[in-house]
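Single-structure report; data block below.
Order of the sequence lines sets the chain letters (A, B, ...), proteins ahead of strands, with each chain counted from 1.
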Protein chains: 4
Amino acid sequence: MKKIKVTVWNEFRHERQNKEVKEIYPDGIHGAIKDILLECDDIEVTTATLDEPENGLTDEVLNNTDVLIWWGHMAHGEVLDTVVEKVKDRVLRDGMGFIPLHSGHHSKVFKAIIGTTGDLTWGNNQKELIWNIMPQHPIAAGIPVRFELKEEMYGEPFFIPAPDELIFSSWYEQGNVFRSGCCYYKGLGKVFYFQPGHEECRSFYNKYVRRIIQNAVHWAAPNLCVKRDSGCKHQPKSVFEELAEGIEE
Amino acid sequence: MKKIKVTVWNEFRHERQNKEVKEIYPDGIHGAIKDILLECDDIEVTTATLDEPENGLTDEVLNNTDVLIWWGHMAHGEVLDTVVEKVKDRVLRDGMGFIPLHSGHHSKVFKAIIGTTGDLTWGNNQKELIWNIMPQHPIAAGIPVRFELKEEMYGEPFFIPAPDELIFSSWYEQGNVFRSGCCYYKGLGKVFYFQPGHEECRSFYNKYVRRIIQNAVHWAAPNLCVKRDSGCKHQPKSVFEELAEGIEE
Amino acid sequence: MKKIKVTVWNEFRHERQNKEVKEIYPDGIHGAIKDILLECDDIEVTTATLDEPENGLTDEVLNNTDVLIWWGHMAHGEVLDTVVEKVKDRVLRDGMGFIPLHSGHHSKVFKAIIGTTGDLTWGNNQKELIWNIMPQHPIAAGIPVRFELKEEMYGEPFFIPAPDELIFSSWYEQGNVFRSGCCYYKGLGKVFYFQPGHEECRSFYNKYVRRIIQNAVHWAAPNLCVKRDSGCKHQPKSVFEELAEGIEE
Amino acid sequence: MKKIKVTVWNEFRHERQNKEVKEIYPDGIHGAIKDILLECDDIEVTTATLDEPENGLTDEVLNNTDVLIWWGHMAHGEVLDTVVEKVKDRVLRDGMGFIPLHSGHHSKVFKAIIGTTGDLTWGNNQKELIWNIMPQHPIAAGIPVRFELKEEMYGEPFFIPAPDELIFSSWYEQGNVFRSGCCYYKGLGKVFYFQPGHEECRSFYNKYVRRIIQNAVHWAAPNLCVKRDSGCKHQPKSVFEELAEGIEE
């Protein structure tokens with residue numbers, strides 16, 4: 001069975017600078033997300049972090065990535081523009097899946113791929129209820145009508161284009177709402193933005209957050225063969241090549 | 001200047017049966033909505049109610065209606081099926097605008113036009129915050145980032161198809177969220193569903209609710225000429241006829 | 001491995017009344033579609049036809065159907081209204097997938113579920129080019145940039161609501177275009193309309209049409225577990241039940 | 001009556017370098033588009049071109065532009081990155097309308113605002129039929145079911161995100177289809193991409209192309225007051241300011 005190759009990218013600064021965050025995520029947020037994906041037999045995971053050479057995203061890494069998960073916050077500006085361009089191209093032209101989490105809404109990559117400022121309203125950590133408003137969507141498989149987190153508040157207006165599919169809508173106890181699970185089809189790729197994941201909270205240990213991230217990886221993988229009996233076969237390269245034939249560049 | 005002809009349809013039962021409702025809306029909910037629209041120089045308003053012959057929606061009335069506003073609740077089942085068919089046809093085939101308010105989500109007409117059960121979660125009257133999540137849309141013109149109402153709670157899951165344009169998203173103090181302002185393009189017509197308007201509340205006196213209803217009427221009117229200097233000219237009939245030419249029926 | 005249960009419904013009149021059609025589809029159109037699906041190890045297929053009792057769609061059949069494929073044309077009016085209501089309910093409330101083919105655009109079921117007249121422009125059999133405009137969608141997996149059929153012309157304006165996902169767009173040699181592959185999320189269910197399948201043509205033998213129908217069944221099946229390693233597990237009933245809790249009916 | 005302020009931006013190279021183009025558009029393509037808009041009493045037009053200082057788009061010009069029309073082709077790369085950033089910000093943060101025409105699909109501004117490579121298939125000048133597939137949309141007001149042009153062929157796959165509203169779909173005589181009229185809501189702004197306008201063709205003299213451009217300007221203008229009786233009042237600045245309050249940047 002061919003596996004989905006996932007690279008989990010993490011800024012990895014909070015966990016090294018802040019004792020409380022380190023206690024929550026001792027192996028880094030990328031480590032916690034890696035653990036989530038290791039529960040799936042059909043996924044292979046590697047990690048990459050900001051302070052590695054080329055931000056850990058060399059051509060070799062990117063060309064062997066089917067889905068890229070992105071966690072960044074305090075150091076968005078330090079991500080290399082050359083890396084941003086490469087990631088964007090991989091998504092738009094090669095169909096690599098892209099899953100920005102939490103403050104990834106302000107990452108250079110998300111802003112460039114979506115065409116948005118990424119601006120939103122934000123506030124204190126508080127009770128969040130995530131409502132499942134598209135239960136028939138594969139990313140919502142196994143998710144109940146709603147579940148509760150303690151999270152940093154992200155609120156509307158969120159200056160994104162209307163999602164192609166809006167899966168989750170969040171309620172916060174202090175009066176805000178937020179489009180918290182948003183799918184986009186961009187170029188040949190698929191993008192899923194998901195709100196939870198503040199470094200001071202424990203959302204990556206929540207069973208529903210974990211299931212959603214697993215679901216999202218399967219959804220965002222480049223056109224998997226849907227004949228599941230024969231395993232997880234990726235769209236043969238030749239089809240993408242054919243699709244690219246005659247394309248003006 | 002040619003005016004937009006609006007018919008406000010109201011079930012008109014609560015106001016006659018319940019003293020408290022009558023005090024809030026002494027001229028009926030249709031009377032209150034009529035007042036909202038009379039603030040606009042370019043709108044002509046008439047009203048129709050359930051207990052009139054043919055539910056007040058004779059061919060003559062419907063054929064002279066550009067936009068139909070709908071308020072019903074306790075007597076959805078009493079609306080004549082022949083009337084439902086005619087209204088649906090006027091929307092889909094002639095482009096009449098349709099604006100169901102509040103419990104109109106369960107009206108026969110809404111369910112038939114949208115193709116939905118109209119089911120949702122509901123609860124007590126409580127504090128509602130309506131967030132403006134599409135400020136660039138004409139229905140949101142003049143509406144602030146958010147405003148507050150006391151309203152009956154309507155919550156997700158709301159089993160509607162994803163709106164073509166989601167303008168408002170609501171927060172309720174007891175933990176619910178709701179897609180509270182939803183646009184659909186259906187056949188030749190436009191539909192706007194808006195949550196507020198419970199008979200025990202006073203939402204139709206709220207200045208933002210009023211502005212939204214006014215905006216929605218202008219948006220839902222059949223293809224108005226956008227050259228506003230020359231007044232509000234409706235799409236000439238001949239274009240609809242041309243559009244209908246060669247259509248298999 | 002749990003399999004996807006598909007019921008192929010066919011009007012089955014042309015094949016019995018018209019010699020030429022019978023030569024093309026000697027086992028009926030339902031027989032030809034059944035053969036398409038038997039190529040997939042994870043699908044179980046049964047068939048049902050108009051002239052069987054209850055149109056072949058008894059409660060037992062419907063309650064054991066994950067995805068319903070629909071081919072009808074000359075006898076739309078003969079389908080029982082009780083059957084239409086049941087099919088609609090199974091899609092909206094239980095999440096059964098629904099795949100109307102070709103002239104199914106005018107079936108009572110499609111019109112009721114989508115909320116449309118289903119009207120379109122139509123013409124002679126001619127060359128059709130189907131363009132793949134959403135190659136990253138699972139229904140487009142394995143489909144080239146474009147492929148050619150001889151088909152009955154279906155053209156715009158097609159009075160459907162804008163599809164949630166528009167996968168295919170068709171060109172006809174006599175000057176028409178058509179949205180020929182349209183996805184909708186409706187209630188708890190998924191719907192895919194696909195243009196090909198005129199009884200006088202041979203489209204159900206085309207390898208790309210076959211692959212698209214196979215893909216569409218997998219896409220429309222009620223929320224399959226995406227952990228493919230563990231086979232094709234359907235969304236446990238309990239989640240639907242939980243989703244239905246507290247729903248106003 | 002407050003007017004909509006439109007700036008027509010043109011690369012203005014073909015018309016100076018190519019005799020045939022100059023004969024078609026002696027005052028430049030910007031001159032021809034200006035003429036189209038001067039037919040509307042409620043529009044004020046100015047023009048700007050690539051070879052002016054700051055590409056003609058100084059802060060003063062941009063801050064006095066409600067809607068920016070864009071025609072560029074051979075010199076996309078010469079547009080200043082600082083100008084691209086400013087235009088993008090005006091659209092996303094201030095709600096300026098943006099209307100890229102024809103080869104504007106590959107302009108830096110379109111690619112940055114939409115988040116796309118802008119790639120498409122292209123070919124020779126040939127017969128194009130533009131089908132009106134969303135007749136109820138204000139941009140389609142006054143436009144027949146279809147009309148004919150001679151145009152440069154632009155074809156699918158067009159690697160744009162699915163338009164929020166797809167108004168026109170084109171047929172080309174050599175076998176291609178194209179999503180030729182696409183609306184996007186981006187940040188606070190509205191964007192309309194329209195296919196026609198090759199420099200060797202005469203599309204800007206076609207009455208329907210002219211009407212569509214007029215309609216699009218009215219649609220894309222920042223939230224016009226919909227009370228047309230009182231003239232074309234723009235959304236008061238204070239609302240944008242309020243909308244921006246509390247926004248994380």
key: Any residue meeting side chain to side chain donor-acceptor pair (under 3.5 Å) with B:Lys86, in chain and number order, not counting sequence neighbours   = B:Asp59
key: B:Gln136 side chain vs D:Pro222 backbone, donor-acceptor pair below 3.5 Å   = no
ask   = Are there residues of residues 164-185 of chain B that reach to under 4.5 Å of chain D by heavy atoms, and which ones?
value = B:Glu165, B:Tyr185
key: Pairing residues for D:Lys108 by the side chain to side chain donor-acceptor pair (under 3.5 Å) criterion, not counting sequence neighbours   = D:Asp81
remark   = Sequence neighbours excluded, the answer for ring-ring contact (aromatic ring centres under 6.0 Å, His included) partners of B:His102 is B:Tyr154, B:His198
